[in-house]
Amino acid sequence: MPQTDPKPHFVQTHLSDPSAVRAELQGGLLATPAHIAPKFLYDALGSRLFDAITELPEYYPTRTEANIFAQHGAAMARHLPASAVLMDLGAGSCAKAARLFPVLQPAGYVAVDISVDYLRDALGALQQRHPKLPMLGLGMDFSSRLALGPAAADWLHSRDLQGAPRTVFYPGSSIGNFDPAQALTLLRQAHALCREGGPGSGLLIGVDLVKPTAVLEPAYDDALGVTAAFNRNLLLNVNRWLGSDFAPAQWQHKAFFNELESRIEMHLLALHTQTVRWPGGERVFAAGEGLHTESSYKWKPAAFEALLNEAGFGSVRLWSDERQWFGVFAATAGDAGVPSQPR
Ligand code: AVI
């Protein structure tokens, strides 16, 4: 009998090395054009601002995806293995996965987020509601590499779940914040994670689809200015990490759809010529010069299916809304015994 635990178990694989983070930030600030990775959007305030974004009338992805899950969750479950370990990437509040528990009926739940501290409350409360479901909170920055460490493997073993099928769950179109080459790498790693599980393992992933610019651009430049605040807040976070002196009020939020690259780009533009200084460096930004902070790729269904296939997944199914604005793809990782694709 699998062992159950009334309390979730937590494992933090490693936390960011501050000197590596400073080197990464400095490299991006000195590049032309300057850029900062979107992960710096998510300090405590940034995460709250993102939550507020998901409630904005202009930001359609969250509610559109939720409606697709509500309408088609049972059909998705038929395409995915029963009694799987549900591996929730970027779990946050764990709410999206929890809403699917009744249809997916997982045998275990692994919530992955960059910080287990962020998961602690959410997973603790969820465990109270599902006392028999084994739960693991895994603190891991999977944007650099997605792989279960030995502690997580031990936990699966201790719960008799190491041979169970796995469903890797990656909702919210966060895959869109990776460029296509990075997205392929992450999907290949997700595929390898599935192949370590039992037969039938697969992926359930939310993807934002190409749509008219008139819909896309307001979603990233809302009337209340919440997305602008979210973008500018990145500068405060960078100041904390790097010791820089960015003044957020001196920067203007800009978001536009780059049709050629099929992505929304978010930038911060210097309102006037200014010098930004940090210990060991500085950069002069001319008036109007930009700092690229995020790309959000919008996929055509056939192109995303091809990406899934390239990563090793097969039997792809897609559920969408009536306007085809958002897609939820389910795909299987293939037969046991066939080697997974090399990275
Ligand atoms: C988290 N991610 C999927 C969001 C997106 O739509 O690319 C982040 C975001 N950026 C601005 N608004 C929302």
Side-chain angles (χ1 to χ4, degrees), residues 54 60-112 126 129-130 133-135 142 146 161 164-176 183 186-187 189-209 211 298-336:
T54 65
Y60 59 84
T62 311
R63 76 180 66 90
T64 308
E65 183 187 50
N67 288 339
I68 296 170
F69 281 133
Q71 210 180 332
H72 301 290
M76 292 171 195
R78 286 195 291 276
H79 200 71
L80 292 164
S83 302
V85 177
L86 188 62
M87 299 190 159
D88 186 1
L89 306 185
S93 69
C94 309
K96 288 182 185 180
R99 276 198 289 273
L100 288 174
F101 284 179
V103 288
L104 294 183
Q105 296 280 323
Y109 177 57
V110 178
V112 185
L126 196 60
R129 282 162 47 209
H130 301 272
L133 184 65
M135 292 188 187
F142 62 86
L146 171 64
L161 290 170
R166 296 175 178 178
T167 296
V168 174
F169 181 52
Y170 196 27
S173 197
S174 296
I175 193 73
L186 182 61
L187 291 173
Q189 291 167 355
H191 183 259
L193 209 61
C194 288
R195 296 306 304 272
E196 291 163 13
S201 294
L203 174 71
L204 186 62
I205 186 168
V207 181
D208 200 14
L209 303 177
K211 61 186 62 61
K298 308 303 167 189
W299 287 87
K300 290 192 170 143
F304 197 78
E305 179 170 351
L307 190 76
L308 288 171
N309 291 151
E310 207 180 334
F313 289 100
S315 306
V316 179
R317 281 283 315 266
L318 165 65
W319 294 270
S320 191
D321 53 291
E322 67 280 1
R323 294 179 291 199
Q324 317 277 289
W325 278 8
F326 198 93
V328 176
F329 291 79
T332 52
D335 296 334

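Residues I205 and L89 fail the side-chain proximity criterion, which asks for heavy atoms closer than 4.5 Å. Side chains of P171 and E65 form a contact here, defined as non-hydrogen atoms less than 4.5 Å apart.
Rounding to the nearest 0.5 Å gives a distance of 14.5 Å between CE of M87 and CG of L204. C194 SG to Q189 CD: the interatomic distance, rounded to the nearest 0.5 Å, is 12.5 Å. Here I68 contributes atom CD1 and S320 contributes atom OG; the two are 5.0 Å apart, rounded to the nearest 0.5 Å. For the atom pair NE2 of H79 and NE2 of H72, the computed distance is 14.0 Å after rounding to the nearest 0.5 Å. Taking CZ of R166 as the start and CG of L86 as the end, the distance is 12.5 Å to the nearest 0.5 Å. Note that CG of L100 is 10.0 Å distant from OH of Y109, once rounded to the nearest 0.5 Å.
The shortest non-hydrogen separation linking W325 to D208 is O-OD1, 3.0 Å. When every heavy atom of G327 is checked against every heavy atom of L318, the shortest pair comes out as CA-CD1, 3.6 Å. Scanning all heavy atoms of the two residues, the minimum distance from P199 to P165 falls at O-CB, 3.6 Å. Between G206 and I175 the shortest heavy-atom distance is O-CG2, 4.0 Å. Heavy atoms only, all atoms of each residue included: G108 and L133 are closest at N-CD1, 3.6 Å. Taking all atoms of both residues into account, the shortest heavy-atom contact from A331 to L308 is CB-CD1, 4.4 Å.
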(message) Evaluate T167 against M76 for side-chain contact (heavy atoms from CB on, under 4.5 Å), listing each step before the verdict.
(response) CA-CA 11 Å; T167 296; M76 292 171 195; over 6 Å; no
(request) Show the numbers, then the answer: is there a ring-ring contact (aromatic ring centres under 6.0 Å, His included) between F142 and Y170? (result) CA-CA 12 Å; F142 62 86; Y170 196 27; 5.7 Å; yes
(request) Carefully, step by step, assess D88 and V112 under the rule side-chain contact (heavy atoms from CB on, under 4.5 Å). (result) CA-CA 6 Å; D88 186 1; V112 185; over 6 Å; no
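In terms of modelled atom types and a separation under 3.5 Å, the side chain of N309 and the main chain of F313 share a donor-acceptor contact. Of the possible donor and acceptor atoms, one in the side chain of K211 sits under 3.5 Å from a partner among the backbone N and O of L209.
No close placement of the F69 and F326 rings is indicated, their centers lying 6.0 Å or farther apart. Checked against the 6.0 Å centroid criterion, the rings of F304 and F329 qualify as a close aromatic pair.
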